[in-house]
Amino acid sequence: MTSSPSAHPAPTPDPRPAAPPAPAAPPAPAAPPSPLAPPFDPWSPSFVADPYPAYAALRAAGRAHFFEPTGQWLIPHYDDVSALLRDRRLGRTYLHRFSHEEFGRQAPPAAYEPFTTLNGNGLLDLEAPAHSRVRRLVAKAFTPRTVAALVPTVERLATELVTAFHADGGGDLLARVAEPLPVAVIAEMLGIPAADRPLLRPWSAAITGMFELNPTPRAAAAAVRASEEFSGYLRELIAVRRADPGEDLISALIAAREDEDVLSEQEMVSTVVLLLNAGHEATVNTTTVGWLTLFRHPDQLRLLHEEPGRLRDGVEEMLRYDTPLQMFERWVLDDIEVGGTLIPRGSEVALLFGAANRDPARFEAPDRFDVTRPAEGNRHLTFGAGLHYCLGAPLARLELAASFGAFLRLAPGPRLLAEPTWRPGYVIRGVEELRVGW
């Protein structure tokens with residue numbers, strides 16, 4: 001789960017269409033990279049397949065770069081990204097301080113209302129004091145004990161999925177293992193009936209389509225429809241749990257209180273959707289891209305087979321080396337300066353997690369995939385930092401360890417059958433499928 005969400009957990013960009021200029025004109029952008037360097041082009045399939053050479057060029061060229069196509073400031077260095085994630089002069093929203101007009105931005109289209117209400121009431125897009133209040137209440141339900149209690153369930157599900165996949169001789173690892181595991185875990189945690197679980201993945205995919213840069217009208221319509229349907233489903237489920245509480249997370253969210261304060265129905269709905277979307281997307285993409293990385297580094301895969309005790313280190317290295325959430329966006333609420341460049345209020349910064357996680361100023365040999373890199377020192381930013389650090393990070397780590405561990409124990413020696421095609425999305429980055437056999 002990325003800080004998302006966003007996460008990652010994770011974390012998600014603002015879905016509004018192209019906005020009018022910020023109140024103050026941006027200063028001249030930092031010097032562009034050499035013409036020989038690959039460009040930052042999030043709509044290019046070749047860039048999406050491997051953005052890291054472009055990130056290296058951005059880091060070498062400076063600390064802040066104005067990107068005209070999206071009107072954002074790209075921030076590629078680890079120290080800057082880490083600091084700005086914690087800087088209260090920035091926010092996931094600006095509406096706790098300004099109206100749209102005061103901030104020089106357009107309100108989202110009225111037709112987007114189901115999505116903007118759902119998204120705007122989730123922890124990922126709230127700011128203090130609303131964020132602090134909701135997070136305290138959610139934390140009373142989603143506790144470390146809740147995650148610890150899921151260990152047997154997660155390990156059982158991972159074992160069942162991997163065993164069946166291996167028995168069938170392989171196939172699409174994404175469809176057979178990577179996607180079903182986190183959906184089944186969140187469904188079990190929420191108490192969603194088995195017959196309804198196939199609804200979750202399509203809803204999640206449609207909603208997260210709005211988190212990409214400049215989403216199309218078609219993507220927006222799909223996200224709005226999914227927001228309406230998923231919200232309506234959860235409201236009915238919440239009503240059932242109010243009448244007949246169980247041991248599930250929805251019942252715990254209903255019961256969570258601090259003095260006389262409780263979560264509103266909308267806050268519960270938005271929390272549940274965020275848990276599914278952020279955690280699900282991060283786990284799915286880390287699983288598939290992690291396996292792709294292991295196939296491309298057979299010595300590291302062999303090392304995990306020979307020394308399974310290194311799996312914890314290996315999971316953290318997968319999260320660092322090719323993060324599932326490449327970009328986290330924040331609004332500039334008060335003027336800031338990055339590397340001598342003034343970024344005025346009303347601007348938007350794009351914090352490049354993928355670039356930060358490969359910064360040689362922070363990581364030794366950052367372009368080397370090394371499953372022996374100790375987890376304790378692997379301070380990647382995949383789950384964010386500061387106020388919006390991913391609440392579901394422990395669950396994501398549990399799912400990843402169970403999934404990879406099941407393969408190492410029960411189905412050693414997998415091989416890649418075909419090079420995968422990358423999905424067109426850049427912000428939440430993953431492959432269309434991953435064909436694997438033995």
Side-chain angles (χ1 to χ4, degrees), residues 2 48-53 55-56 78 154-155 158-159 161-162 165-166 170-174 176-178 181-182 282-326 353-360 362-383 393 396-422 429-431 433-438:
T2 60
V48 171
D50 184 11
Y52 296 100
Y55 289 158
Y78 181 97
V154 175
E155 292 183 345
T159 296
L161 290 166
V162 171
F165 185 61
H166 184 232
D172 181 6
L173 189 148
L174 185 151
R176 293 288 304 276
V177 179
L181 178 60
T283 304
V284 169
N285 292 331
T286 301
T287 301
T288 51
V289 177
W291 270 112
L292 182 60
T293 302
L294 287 170
F295 290 136
R296 291 174 174 171
H297 297 82
D299 60 320
Q300 299 297 297
L301 177 55
R302 184 167 54 252
L303 185 57
L304 287 180
H305 278 302
E306 294 170 353
E307 301 180 42
R310 293 191 180 276
L311 182 57
R312 177 169 173 261
D313 295 339
V315 166
E316 294 303 315
E317 180 68 345
M318 292 177 214
L319 288 163
R320 179 200 72 84
Y321 184 80
D322 213 349
T323 176
L325 180 71
Q326 292 288 317
F353 282 9
N357 283 346
R358 296 277 194 105
D359 189 343
R362 179 62 183 83
F363 299 98
E364 182 180 355
D367 292 321
R368 184 181 72 220
F369 178 66
D370 182 4
V371 299
T372 70
R373 200 182 297 267
E376 288 75 12
N378 196 343
R379 303 298 184 189
H380 58 75
L381 295 173
T382 297
F383 292 120
R397 288 184 165 110
L398 169 60
E399 292 171 345
L400 292 166
S403 173
F404 282 96
F407 271 102
L408 295 175
R409 290 193 322 273
L410 305 170
R415 59 189 178 88
L416 184 64
L417 299 181
E419 279 295 318
T421 299
W422 290 85
R429 180 169 162 272
V431 296
E433 63 176 8
L434 193 70
R435 307 296 300 181
V436 171
W438 279 266

Roughly how far, to the nearest 0.5 Å, is the [atom2] atom of [Y] from the [atom1] atom of [X]?
| X | Y | atom1 | atom2 | result |
| --- | --- | --- | --- | --- |
| Leu325 | Thr382 | CG | OG1 | 8.0 Å |
| Arg310 | Asp370 | CZ | CG | 8.5 Å |
| Asp172 | Phe165 | CG | CZ | 7.0 Å |
| Leu174 | Asn285 | CG | CG | 7.5 Å |
| Thr286 | Met318 | OG1 | CE | 9.5 Å |
| Leu319 | Phe353 | CG | CZ | 12.5 Å |

Within-4.5 Å side-chain heavy-atom neighbours: [X] and [Y]:
| X | Y | result |
| --- | --- | --- |
| Glu316 | Arg397 | yes |
| Pro366 | Arg320 | yes |
| Thr287 | Leu173 | yes |
| Trp291 | Val436 | no |

**Q.** Phe407-Phe404 aromatic ring centre distance below 6.0 Å
**A.**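 Centroid separation for Phe407 and Phe404: 6.0 Å or greater.
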
Q | Geometric cation-pi criterion, Arg296 with Phe369: 6.0 Å, 45° | A |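 Negative - Arg296 is either too far from the ring of Phe369 or too far off its axis.
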
Q. Is NZ or CZ of Arg358 both nearer than 6.0 Å to the six-membered ring centre of Tyr52 and within 45° of the ring axis?
A.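 The answer is yes, since Arg358 meets both limits relative to Tyr52.
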
Q. With the threshold set at 4.0 Å, does a side-chain nitrogen-carboxylate oxygen contact exist between Arg368 and Glu317?
A.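 Salt bridge flag = no for Glu317 with Arg368.
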
Q.
Looking at Glu433 and Arg176, is any side-chain nitrogen of the basic one under 4.0 Å from a carboxylate oxygen of the acidic one?
A.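 A salt bridge is absent here (no side-chain N lies under 4.0 Å from a carboxylate O).
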
Taking [Y]'s backbone N and O only, do any of them form a donor-acceptor pair with [X]'s side chain (distance below 3.5 Å, no angle check)?
| X | Y | result |
| --- | --- | --- |
| Asp313 | Ala375 | yes |
| Asp322 | Val289 | no |
| Arg373 | Glu364 | yes |
| Arg429 | Thr323 | no |
| Trp438 | Ala411 | yes |

Would you name the heavy atoms of [X] and [Y] that are closest together and state the gap between them?
| X | Y | answer |
| --- | --- | --- |
| His305 | Pro414 | NE2-CD, 4.3 Å |
| Ala158 | Leu181 | N-CD1, 3.8 Å |
| Leu381 | Asn357 | N-OD1, 2.9 Å |
| Ala178 | Val284 | O-CG2, 3.4 Å |
| Leu417 | Gly437 | CG-N, 3.5 Å |

Q. Out of Leu311, Asp299, Leu304, Leu301, which one pairs with Val371 under the side-chain contact (heavy atoms from CB on, under 4.5 Å) rule?
A.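 The single option meeting the side-chain contact (heavy atoms from CB on, under 4.5 Å) with Val371 is Leu304.
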
Q: Given side-chain contact (heavy atoms from CB on, under 4.5 Å), test Thr372 with Glu307 step by step and report yes or no.
A: CA-CA 10 Å; Thr372 70; Glu307 301 180 42; over 6 Å; no

